[in-house]
Amino acid sequence: MSARGAVLRIDNVTLQFGGIAAIKSVAFEAQPSELLALVGPNGAGKTAMLNCISGIYRPTSGDILLDGKSIIGQPLHRMVRLGIGRAFQHAELFPHLTVTENLLIGRHTKFRRGLWASGLYIGSTRRDEMNERRHVEGIIDFFEIYRHRDAPVGSLPYGVQKIVGVARALATGPKLLLLDEPCTGLIREERENLARFLLRIRHEFAATIIWVEHDMQMVSDLADRVVVLNHGIKIVDGLPDDVRRSAAVIEAYLGHTAAGAVADRR
Amino acid sequence: MFSGTPYLRVSYAETNRILPEPYQRVLVAAIAVAAIVLPAFGNAYLIYLLNLTFLAIIGSIGLNLLTGYCGQVSLGHASFLAIGAFVTAILANRYGAPVWQALPAACLVGAAVGFVVGLPALRFRGIYLAITTLAMHYAIIFILTTYQANFGSSATAGISVPAPALGPYEINGGRAWYYALLLISSGVVLFSLNLSRGYIGRAWVAIRDRDIAAASVGIPVARFKLLAFVCSATLAALAGGLGAYFMGVVTVEAYTLELAIIYLAMIIVGGMGSTAGAVLGAIFMTLLPFGIERAFEALPHAWRLGTTSYGLQEAATGVAIILFLLFEPKGLIEIYRRIAEYFERWPFRYRELQPAERR
């Protein structure tokens, strides 16, 4: 695959905690507007990889390039300005604030700076506030969470909180959206909605999505490409159907003997 | 904030008002009118108490920005007040600076000290941060004590401050002070309300609730923590400087750790993370000791208690605060919210579902 045009390039990234390597020399790329699934058994290093990309961890070696420029060592809050939005596995919302306020916090970088203008409510403060509120209403419409608009997110069901987490990440206006298991803990109807949202985000916002997921059925149905990690090593990288048939993947998920049995049955 | 109101909003501007409901505007207008005409009826003692309350409001709003919104516990608030008071007193007494120079200078020095005291907050959280602010408190008080000891004729005399004058008008006497402090504290309240409904207030709350998530949406956490310290210390220095002019004398003995804890108590009793709560807490904590003193005077045979009376009064103040927090842990602002919610739906009643009834 060519390096030209890749939104994100992971270049032999290794992440070590003491003597334990969470990620061992992993390399892959994400193309523009691609829905790239990152799968693997528990402890494979999927979330660790997202944390490296979003700047929470600093890789021990290797490089991460966004649009050809290294983003290693950038402080966490700079990542939004570089175009990386992140939704967490456990939503990590601001529980006392309403859905609208959570999403407005997602728009933080769009407000013009100024303590005095903000404290006196003069200058661009009012206009910014109105414009961002309008933008946030658009996102509320997109994710169909109008009825929860003014509810404190801490009081909402878990499934809605996860959607709000994705909405907050999208509110930052990213070109690269990192989603950490957005479907886990969702009921079937919510999963189907989320599947629809994922495809719409890719088409309407033209965002590249890196999507950590356990639900292999959903991954095969939606993802453009799949990267499989196991014990911190990339074992396969390819189209969903190829990955599903790969012996290495079956072995990683089901173990050595079971993999043989599946192969026999085929 | 969510209040479950049945009122319809038809524009974004309406959702972002400080006082969204008509009854709130009526209430605030009524309080404003009452505050303006009150000196015509109140006696000098009441006006003196209200002046103390206004000073406390400015200080507690400052602490609420830092501890209530941004979640950084500070035990250094008394030292910020002391900085403001001393800078004002030194400039006014020794250099004869007019009020319009001395007060801004006090605020600037307060801001600088707040920045320095805030630096450990980039590394420490919670109780560890509280201890570093405590250390800063003692360091600042030590410096001011040394200065005071070498300043005047005696170590405990303090520094006298002349009455402030704006051109030919000298602010002197309870009523003049009342209107000056009413104006300034109203401005501070408005400033705090504006910050809290804008991006700065939201960023502070985000840092308080989840700092990693806050950074992940692009909030520079370190910068906003320092901003909270600077704003808080500036308002404390303003309150300290005004207090210096109001009292006419500054002594370092007034700025104890106990004072810092009383300010923390104000925002806790009022309701953390709410500007209106900080105001209510400041009123409550300033007036409560005087109220209890009056209650003790009204007791039959109170004179028999003699000097033990003072200790008992302080104990009663403490018990009152403990009881209050036991029964109303979310503070005075929660009482207001409950009453408002009741009348919003009046004459219908809304009952929260009990856990057993949830399906």
Side-chain angles (χ1 to χ4, degrees), chain A residues 54-56 75-81 84-88 91-122 125-126 128-134 136-137 149-152 154-155 165 168-169 171-172 178, chain B residues 1-5 7 9 11-18 20 65 69 71 111 187-224 227-228 230-231 234-235 272-274 330 352 358:
Chain A
S54 60
I56 294 175
L76 198 48
H77 68 262
R78 285 283 306 162
M79 294 300 182
V80 168
R81 286 181 193 274
I84 299 180
R86 165 84 190 264
F88 294 88
E92 305 288 336
L93 301 170
F94 309 112
H96 305 295
L97 300 181
T98 67
V99 170
T100 313
E101 287 167 327
N102 268 272
L103 299 186
L104 278 170
I105 290 175
R107 300 295 292 167
H108 178 85
T109 55
K110 315 294 179 206
F111 286 86
R112 253 147 293 180
R113 315 270 139 221
L115 175 68
W116 290 106
S118 190
L120 301 175
Y121 213 69
I122 52 169
T125 308
R126 186 191 152 82
D128 278 1
E129 201 72 37
M130 298 305 112
N131 287 341
E132 297 313 328
R133 217 158 252 270
R134 190 171 300 121
V136 159
E137 286 296 330
R149 189 186 278 124
D150 291 327
S155 71
R168 188 182 65 186
T172 63
L178 309 174
Chain B
M1 286 293 150
F2 179 68
S3 60
T5 62
Y7 300 104
R9 308 262 190 277
S11 74
Y12 295 128
E14 276 181 38
T15 65
N16 205 33
R17 276 190 181 152
I18 290 177
L65 292 182
Y69 288 129
V188 169
V189 168
L190 195 62
F191 195 80
S192 168
L193 286 168
N194 279 336
L195 283 185
S196 76
R197 65 173 167 156
Y199 77 98
I200 294 178
R202 284 192 298 265
W204 281 339
V205 173
I207 290 167
R208 177 190 73 193
D209 285 354
R210 295 192 196 281
D211 51 358
I212 290 191
S216 85
V217 293
I219 296 169
V221 174
R223 199 183 309 161
F224 274 81
L227 183 66
V230 167
C231 288
T234 307
L235 286 180
M272 289 273 259
S274 154
K330 287 182 180 172
E352 286 273 353
R358 286 207 182 114

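Chain identifiers are assigned alphabetically (A, B, ...) following the order of the sequence lines, protein sequences preceding nucleic acid strands; residue numbering begins at 1 within each chain. These numbers come from the heavy atoms of this one structure, side chains and all, not from hydrogens, waters or symmetry mates.
For R134(A), the parts sitting under 4.5 Å from any heavy atom of chain B are the backbone and the side chain alike. Interface remark: L193(B) contributes no atoms to any contact with chain A (heavy atom separation under 4.5 Å). M79(A) does not touch chain B: none of its heavy atoms, backbone or side chain, sits under 4.5 Å away. Contact of T172(A) with chain B is made through the side chain alone, with heavy-atom distances under 4.5 Å. Of the atoms belonging to L190(B), it is backbone heavy atoms, and not side-chain ones, that fall under 4.5 Å from chain A. Proximity to chain B (any heavy atom under 4.5 Å) is shown, for L115(A), by both the backbone and the side chain.
Contact count against chain B (heavy-atom pairs under 4.5 Å) is highest for P95(A) among P95(A), G85(A), S54(A). Taking chain A as the reference chain and counting heavy-atom pairs below 4.5 Å, the highest number among A13(B), S11(B), A203(B) is found for A13(B). With chain A as partner, the option from A213(B), S196(B), G198(B) having the largest number of non-hydrogen pairs under 4.5 angstrom is A213(B). The choice from R86(A), M130(A), R78(A) that makes the most heavy-atom pairs within less than 4.5 Å of chain B is M130(A). Among S118(A), P75(A), G114(A), the residue with the largest count of heavy-atom pairs under 4.5 Å with chain B is S118(A).
For residues 189-198 of chain B, there are no salt bridge (Lys or Arg N to Asp or Glu O under 4.0 Å) pairs, not counting sequence neighbours.
Legend: residues meeting side chain to side chain donor-acceptor pair (under 3.5 Å) with R202(B), ordered by chain and number and at least two apart, are E129(A).
Between atom OG of residue S216(B) and atom CZ of residue R168(A) there is a gap of 5.5 Å, rounded to the nearest 0.5 Å. Rounding to the nearest 0.5 angstrom, the gap separating the CZ atom in R133(A) from the CG atom in N16(B) is 5.0 Å. Rounding to the nearest 0.5 Å places CZ of R149(A) at 10.0 Å from OG1 of T15(B). Rounded to the nearest 0.5 angstrom, Y121(A) OH and L195(B) CG are separated by 12.0 Å. Note: I105(A) CD1 to Y199(B) OH = 13.5 Å, rounded to the nearest 0.5 Å.
Under the 3.5 Å distance criterion, the side-chain polar atoms of N194(B) are matched with a main-chain donor or acceptor of G119(A).
Other residues, nucleotides and ligands place no more than 12 heavy atoms under 6.0 Å from the NZ atom of K330(B). More than 12 heavy atoms of other residues, nucleotides or ligands shown are found within 6.0 angstrom of CZ on R17(B).
Across all their heavy atoms, V80(A) and G218(B) have their closest contact at CG2-N, 3.3 Å. Here the closest non-hydrogen pair linking L93(A) and R210(B) is O-NE, 2.6 Å.
Classification of the F224(B)-H108(A) ring pair by plane angle, with boundaries at 30° and 60°, yields perpendicular.
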